[in-house]
Chemist: 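My questions will all concern the structure given below.
The first residue of the sequence shown is numbered 1, and numbering continues consecutively from there. What you see is a predicted model, and the numbers here were worked out from it, not measured in a lab.
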Amino acid sequence: MILVTGGAGFIGANFVLDWLAHSDEPVLNLDKLTYAGNLHNLDSLQGDARHLFVQGDIGDRALLDRLLAQHQPRAVLHFAAESHVDRSIHGPEDFIQTNVVGTFRLLEAVRQYWSALPATQKEAFRFLHVSTDEVYGTLSPDEPAFAETHQIEPNSPYSASKAASDHLVRAWHHTYGLPVVTTNCSNNYGPLHFPEKLIPLVIVNALAGKPLPIYGDGQQVRDWLYVRDHCSAIRRVLQAGRLGEVYNVGGWNEQANIDIVHTVCALLDELRPRADGQPYAAQITYVQDRPGHDRRYAIDARKLERELGWKPAETFATGIRKTVQWYLDHPEWVANVQSGAYRAWVAKQYEAVQ
Ligand code: NAD
Ligand code: DAU
């Protein structure tokens, strides 16, 4: 079996579903169920013996030791993290605890488990670390996209904590020989995306008749990848990635935030027009910028294509249409995540525009 950390979150849950759609190899899913973890994401696996869920913290060494000894995974795929940049600005501590200390504890537990494996299992074992393009910092408009050799220059508490975890993973390979591989991916979008992030927030707010908050001038550029394409990249890197290597994953799809929001509004105008006949874009509201806001990210994913033959299957046009349709088809999922902690967070972050 494989051990997935953070498999109740956005990308982790999509990965678990994608994995079990392609394979019968069981998944042990370890997730703390923070505000971002949602077991409803995995409702379709109820009663499926291939999925074993354990609620727990990657920082809990005793739990990790017990799970590894009991289930003997052949690989660990590490998704668990605090992932929202704005939250990291308001309160960085959880990011250090989970992304840095938690990754350290996980690496140590895995190292002990892996060291004691018989030779053939030891050789076949993999630790795949899921990371982000944000560790590379920001680009000016004319700079080439981030290659794997780009300097690590994180600018937010979130990206600094992810960069720290990338360094730990690298060091555990070089010092202890742990068979690791790291992926650094651009912005994901798709089903099950928590509506604190730009695309789902805009869809959900638009339908609720609320403002669509654009930070600063809205000209910040991100490189958007459909989440199931990220999952296929991870499967491919797990299968054939070279040990100790970093693979950048991206969608070759750079767009300014304001253009993304206009695209989402246009799709909603087509699929669920406003009752008053006005365009959803009328709800766009410019708000105060994010402190230290990175201006542009762009991923050069040629290494992954050249070495492992991976390319995204979706274009942005196909992926964003599927995504908007998914949110229209799942109002109960949206209502569920809009309860409790999520509502309190939205009120704090957007109190000026609600
Ligand atoms: P998410 O916030 O939606 O989900 C994170 C999951 O981790 C949640 O289920 C949460 O309960 C769990 N978790 C948090 N702390 C934990 C802990 N201490 N122990 C166990 N579980 C814990 O995040 P996401 O967007 O799905 O991102 C997953 C990974 O991919 C992260 O490592 C993130 O840095 C990386 N990543 C995200 C994107 C993106 O666009 N979302 C892009 C590139 C890389
Ligand atoms: O690049 C990969 C990263 O993408 C991941 O590592 C992070 O986990 C993930 O959260 C995401 O980070 P971003 O900060 O790019 O995503 P977010 O959806 O928060 O914001 C996308 C852009 O939209 C960013 O430039 C900020 C802007 N934005 C965001 C929100 C929530 C707005 O203009 N208004 C908003 O309300």
Chemist: Does this structure show an ion pair linking Glu108 with Arg111, if we count only N-O contacts that are shorter than 4.0 Å?
Modeler: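 Counted as a salt bridge, because a side-chain N and a carboxylate O are separated by less than 4.0 Å.
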
Chemist: Where does the angle between the aromatic ring planes of Phe15 and Phe79 fall among parallel (under 30°), tilted (30 to 60°) and perpendicular (over 60°)?
Modeler: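 Rings of Phe15 and Phe79: tilted, as their planes differ by 30° to 60°.
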
Chemist: Linking Ile, Leu, Val, Met, Phe, Trp and Tyr by side-chain heavy atoms under 4.5 Å, what else ends up with Val85?
Modeler: Ile89, Phe95, Tyr158

Chemist: If you count every heavy atom of other residues, nucleotides or ligands that lies below 6.0 Å from Arg302 atom CZ, does the total exceed 12?
Modeler: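 No.
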
Chemist: Do the side chains of Arg170 and Asp166 get close enough for a salt bridge, i.e. N-O under 4.0 angstrom?
Modeler: no

Chemist: Got a salt bridge between Lys197 and Asp86, using NZ or NE/NH1/NH2 to carboxylate O under 4.0 Å?
Modeler: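 So Lys197 does not pair with Asp86 through a salt bridge.
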
Chemist: Would you please name every residue forming a salt bridge (Lys or Arg N to Asp or Glu O under 4.0 Å) with Glu307, sequence neighbours left out?
Modeler: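 By the salt bridge (Lys or Arg N to Asp or Glu O under 4.0 Å) rule, Glu307 matches Arg242.
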
Chemist: Take atom NZ in Lys122; do more than 12 heavy atoms of anything else shown fall under 6.0 Å from it?
Modeler: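 Yes, the 6.0 Å shell around NZ holds more than 12 heavy atoms from other groups.
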
Chemist: Take Arg87 and Glu196, measure what salt bridge (charged side-chain N to carboxylate O under 4.0 Å, His left out) needs, and give me the verdict at the end.
Modeler: CA-CA 10 Å; Arg87 285 181 188 261; Glu196 65 183 350; 2.7 Å; yes

Chemist: Can you tell me which residue among Ser165, Ser159, Ser161 is in a side-chain hydrogen bond (donor to acceptor under 3.5 Å, both in side chains) with Asn99?
Modeler: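 Among Ser165, Ser159, Ser161, the one meeting side-chain hydrogen bond (donor to acceptor under 3.5 Å, both in side chains) with Asn99 is Ser161.
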
Chemist: Thinking salt bridges, do Glu25 and Arg50 make one under a 4.0 Å N-O criterion?
Modeler: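 Answer for the salt bridge query: no.
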
Chemist: Quick check on Gln288: does its CD atom have over 12 non-hydrogen neighbours (other residues, nucleotides or ligands) under 6.0 Å away?
Modeler: no

Chemist: State yes or no: do Val180 and Leu243 share one hydrophobic cluster built from I, L, V, M, F, W and Y residues joined by side-chain heavy-atom distances below 4.5 Å, directly or via other members?
Modeler: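 No, Val180 and Leu243 fall in different hydrophobic clusters.
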
Chemist: Do the two ring centres, one from Tyr226 and one from Phe316, sit under 6.0 Å apart?
Modeler: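 Here the rings of Phe316 and Tyr226 have centres that are no less than 6.0 Å from each other.
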
Chemist: Count the heavy atoms of every other residue, nucleotide or ligand shown that sit under 6.0 Å from CD of Glu332, and state whether that count exceeds 12.
Modeler: yes

